[in-house]
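Quick caveat, the model's predicted, so the values are computed rather than measured. Just so it is clear: chains get the letters A, B, ... in the order the sequence lines come, proteins before strands, and each one is counted from 1.
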Amino acid sequence: MINNIGLEHYLILSAILFSIGLYGALAKRNAIVILMSIEIMLNAVNIAMVAFSRYITPSLLTGQVFVIFIMVVAAAEAAVGLAIIIAIYRSHDTIETTKIDLMKW
Amino acid sequence: MGLDIAFWILAVIGIAAALTVVLLRNVFRAALSLILCFLTVAGIYATLSADFLAAVQVLIYIGGISVLIILVIMLTREVQRGSPSNKLQFPAFLVAILFLMVVAFALINTPWQVSMLPPLEPTTAALAGKLLGEGGFILPVEIAAVLLLAAILGAIVLVREK
């Protein structure tokens with residue numbers, strides 16, 4: 001009935017993926033890689049949501065509904081973020097975040 | 001037993017793919033391993049008996065977002081320069097490790113009230129009832145539609161040639 005793999009395994013996996021994404025978002029220079037790290041973080045959160053929905057409230061599915069909304073927002077975020085990256089590349093000829101410092105004093 | 005093996009394989013491949021995304025210097029290869037990471041996440045959903053979400057993950061992330069990311073990599077020609085780390089590499093690593101340790105500590109020490117009920121399967125009809133049915137999430141669904149429209153318009157305005 002109950003498997004060896006439990007809620008904690010999924011949550012730890014989610015935490016590990018989130019940490020990897022956090023490191024990438026903080027430590028990388030290329031704006032596209034930063035966006036990819038943010039996508040990894042969103043996926044990690046989704047895993048946690050689905051795991052809670054599966055193990056805590058298996059009959060309610062509210063966690064899965066939230067995951068659908070997170071996916072919608074992630075798709076919108078990816079579209080707008082990549083459009084911003086293209087606009088910055090047109091005006092600055094680079095997408096290295098250390099060189100885009102117009103608003104840095 | 002089968003689920004256990006599937007979970008471990010998917011978890012190891014997924015973490016390895018995510019590490020590859022962060023550590024590789026070649027941006028294009030990082031995007032390809034990001035696709036592998038998305039695919040393993042879809043498999044993880046399948047092991048959690050979230051069949052609809054696994055399909056949606058493949059459709060949206062692998063079919064949509066990955067294609068968008070690869071398209072932008074092609075458009076910006078940053079592949080040769082790669083993706084070096086900035087000066088904050090060591091503090092970022094420290095922050096990530098600290099975050100992981102704190103979260104793992106909290107997760108392991110929390111007494112989760114795990115339900116013994118079997119998972120709902122298949123989930124598609126139940127999800128549709130939840131999203132569109134009585135007392136469900138119909139207002140957020142409408143707002144999500146407006147958000148997507150706004151995002152599409154914003155993306156078009158941002159990349160349009162003046």
S.K.: How long is the gap from CZ on B:F137 to CZ on A:F69, to the nearest 0.5 Å?
M.R.: 6.5 Å
S.K.: Against chain A, work out which of B:A104, B:G64, B:C37, B:P140 has the most heavy-atom pairs shorter than 4.5 Å and name it.
M.R.: B:P140
S.K.: Heavy-atom pairs under 4.5 Å with chain A: which of B:L19, B:I152, B:I65, B:L88 has the most?
M.R.: B:I65
S.K.: Looking only at non-hydrogen atoms, find the nearest pair between B:G14 and A:L17 and report the distance.
M.R.: O-CD2, 4.0 Å
S.K.: Minimum heavy-atom separation for B:V159 to A:R90, with atom names?
M.R.: O-NH1, 2.9 Å
S.K.: Are there residues of residues 96-103 of chain B whose heavy atoms fall under 4.5 Å of chain A's heavy atoms? If so, which?
M.R.: B:A96, B:F99, B:L100, B:V103
S.K.: Pick from A:V67, A:T97, A:T98: which one has the most heavy-atom pairs with chain B under 4.5 Å?
M.R.: A:V67
S.K.: Could you pull out the closest heavy-atom pair between B:A50 and A:Q64, with the gap in Å?
M.R.: CB-NE2, 3.5 Å
S.K.: Which one wins on heavy-atom pair count under 4.5 Å against chain B: A:V80, A:L82, A:I85, A:T62?
M.R.: A:L82
S.K.: Could you have a look at A:S59, A:A15, A:P58, A:G21 and say which one has the most heavy-atom pairs with chain B under 4.5 angstrom?
M.R.: A:P58
S.K.: Is a side-chain donor or acceptor of A:K28 paired with a backbone partner of B:V22 at a separation under 3.5 angstrom?
M.R.: yes
S.K.: Below 4.5 Å from any heavy atom of chain A, which atoms of B:F90 appear? Answer side chain, backbone, both or neither.
M.R.: neither
S.K.: Could you tell me the separation between the CD1 atom of A:I47 and the CD1 atom of B:I44, rounded to the nearest 0.5 Å?
M.R.: 5.5 Å
S.K.: Say you draw a straight line from CG of B:L158 to CD1 of A:I84; how long is it, rounded to the nearest 0.5 Å?
M.R.: 5.5 Å
S.K.: Report which part of A:L7 has an atom under 4.5 Å of a heavy atom belonging to chain B: side chain, backbone, both, or neither.
M.R.: side chain
S.K.: Between B:Q57 and A:N43, do the side chains contain a donor N or O and an acceptor N or O under 3.5 Å apart?
M.R.: yes
S.K.: With respect to chain B, which residue among A:L22, A:T57, A:L35, A:N46 yields the maximal number of heavy-atom pairs within a distance under 4.5 Å?
M.R.: A:N46
S.K.: Counting only heavy atoms closer than 4.5 Å, note whether B:L34 contacts chain A via side chain, backbone, both or neither.
M.R.: side chain
S.K.: Output all residues satisfying side-chain hydrogen bond (donor to acceptor under 3.5 Å, both in side chains) with A:Y10, sequence neighbours left out; order by chain, then residue number.
M.R.: B:T47
S.K.: If you define the side chain from C-beta out and look only at heavy atoms, does anything of A:Y55 sit under 4.5 Å from B:L48?
M.R.: yes
S.K.: Counting only non-hydrogen atoms closer than 4.5 Å, does B:F7 touch chain A with its backbone (N, CA, C, O), its side chain (CB onward), both, or neither?
M.R.: side chain
S.K.: Does the side chain of A:Y23 pick up a donor-acceptor pair with the side chain of B:Q89 at under 3.5 Å?
M.R.: yes
S.K.: Most heavy-atom pairs under 4.5 angstrom with chain B, which of A:V50, A:I68, A:I34?
M.R.: A:V50
S.K.: Quick one: do B:I69 and A:I32 satisfy side chain to side chain contact (heavy atoms under 4.5 Å, CB included)? Show the steps, please.
M.R.: CA-CA 7 Å; B:I69 287 174; A:I32 297 177; 4.0 Å; yes
S.K.: Rounded to the nearest 0.5 Å, what separation is found between the CZ atom of B:F52 and the CG atom of A:L61?
M.R.: 11.5 Å
S.K.: I need the residue from A:A27, A:A25, A:G24, A:A31 with the largest number of non-hydrogen atom pairs under 4.5 Å to chain B.
M.R.: A:A27
S.K.: Hey, could you give me the OG1/CD distance between B:T110 and A:E8, rounded to the nearest 0.5 Å?
M.R.: 8.5 Å
